[in-house]
Amino acid sequence: QDNGYARLLRRQVEEVFRENRMIAVCHCNSMPGEDMVMMRHYLRKHNIEVKFIMNEIIRPFLAQSKYRNLLPLFVARNILLVSREAKAKEMLRVLKGVPQVNLLGACIDDTILSRQGVENFAKLPSLEAARGQASGALALLPSQTSSLLQRGPALLAALLDQHLQQLRDRDTGTPPEPAPSPGAP
């Protein structure tokens, strides 16, 4: 029977999936309350919240949403680690120190990832660093093209100068100078 409290919880679940870029599904084994408080504290430092949502509430929502591939992860006692930003690296660092909480998978920027996928995502450079690398690579191409385009005319000019010098030397009767190597300017 659908009561008001269940509808409220379902709305909260919808809100969690709509408003957060990172939603990690973790299996939570039994652990002392102090450890849970410490884990929540360290995660909150990185703006990652811990959500306890009953499977009876989340499974019907997932079954009717684009996140239905997450359904197999919700079979036992689970927690969600949610953040408005994709903070996979920070989350993994905190979870490394909490063996009772095992990452099962995540949805980051509407992409469902396995545990290995989350670890690979965490190794990616930040968006700013990737943009810097891309702009550096793009800036390098025109300078290389310019130097390649200038090399041919410079070599041609050197060969013409050499030919002119040889013609002058032949007319004046002086012995010719050794030819410069083709790579020399």
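A quick note: this is a predicted structure, and the numbers were derived from the prediction, not measured.
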Hey, mind stepping through L95 and C26 against side chain to side chain contact (heavy atoms under 4.5 Å, CB included) and telling me if it holds? CA-CA 10 Å; L95 289 181; C26 298; 4.1 Å; yes

Taking side chain to side chain donor-acceptor pair (under 3.5 Å) as the test, write out the residues that go with Q116, two or more places apart. N120

Are the side chain of N3 and the backbone N or O of A6 linked by a donor-acceptor pair below 3.5 Å? yes

Pairs meeting criterion ring pair (Phe, Tyr, Trp, His ring centres under 6.0 Å) with involvement of residues 113-150, two or more places apart: none

Flag yes if V101 and L73 sit in one hydrophobic cluster, no otherwise; membership is Ile, Leu, Val, Met, Phe, Trp, Tyr, and two members link when side-chain heavy atoms are under 4.5 Å apart. no

Transitively linked via ILVMFWY side-chain contacts under 4.5 Å: L9 with Y67? yes

Starting from M39, can I reach V82 by hopping between I/L/V/M/F/W/Y residues whose side chains sit under 4.5 Å apart? no

So, are E14 and R10 salt-bridged, with charged N and O less than 4.0 Å apart? no

Considering only residues two or more places apart or on different chains, which pairs with a residue in residues 26-61 satisfy ring pair (Phe, Tyr, Trp, His ring centres under 6.0 Å)? F17-F61

On a heavy-atom basis, the closest approach of S30 and Q100 is O-CG, 3.8 Å

How about C107 and L113: do any of their side-chain heavy atoms sit closer than 4.5 Å? no

Give the C-alpha distance, both sets of side-chain angles, the deciding distance and a yes or no for salt bridge (Lys or Arg N to Asp or Glu O under 4.0 Å) between E15 and R11. CA-CA 6 Å; E15 194 174 292; R11 247 183 279 134; over 6 Å; no

Please determine whether the number of non-hydrogen atoms from other residues, nucleotides or ligands lying under 6.0 Å from atom CZ of R93 exceeds 12. yes

Nearest 0.5 angstrom please: L164 CG to L159 CG, how far? 11.5 Å

Please check if atom CZ in R68 has more than 12 non-hydrogen atoms from other residues, nucleotides or ligands closer than 6.0 Å. yes

Single-linkage hydrophobic cluster V16~I48, side-chain heavy atoms < 4.5 angstrom: no

Check against side chain to side chain contact (heavy atoms under 4.5 Å, CB included), L92 and E119: CA-CA 8 Å; L92 289 173; E119 291 171 355; 4.0 Å; yes

Among I53, I57, I58, exactly one meets side-chain contact (heavy atoms from CB on, under 4.5 Å) together with F74. Which residue is that? I58

Side-chain heavy atoms under 4.5 angstrom apart, residues restricted to Ile, Leu, Val, Met, Phe, Trp, Tyr: same cluster for M22 and L43? yes

Under the side chain to side chain contact (heavy atoms under 4.5 Å, CB included) rule, what do M91 and L103 come out as? Steps first, then yes or no, please. CA-CA 10 Å; M91 176 188 66; L103 177 66; 4.3 Å; yes

Reported CD1-to-CG distance for the pair I112 and L70, which is rounded to 0.5 angstrom: 4.0 Å

Within-4.5 Å side-chain heavy-atom neighbours: E90 and N47: no

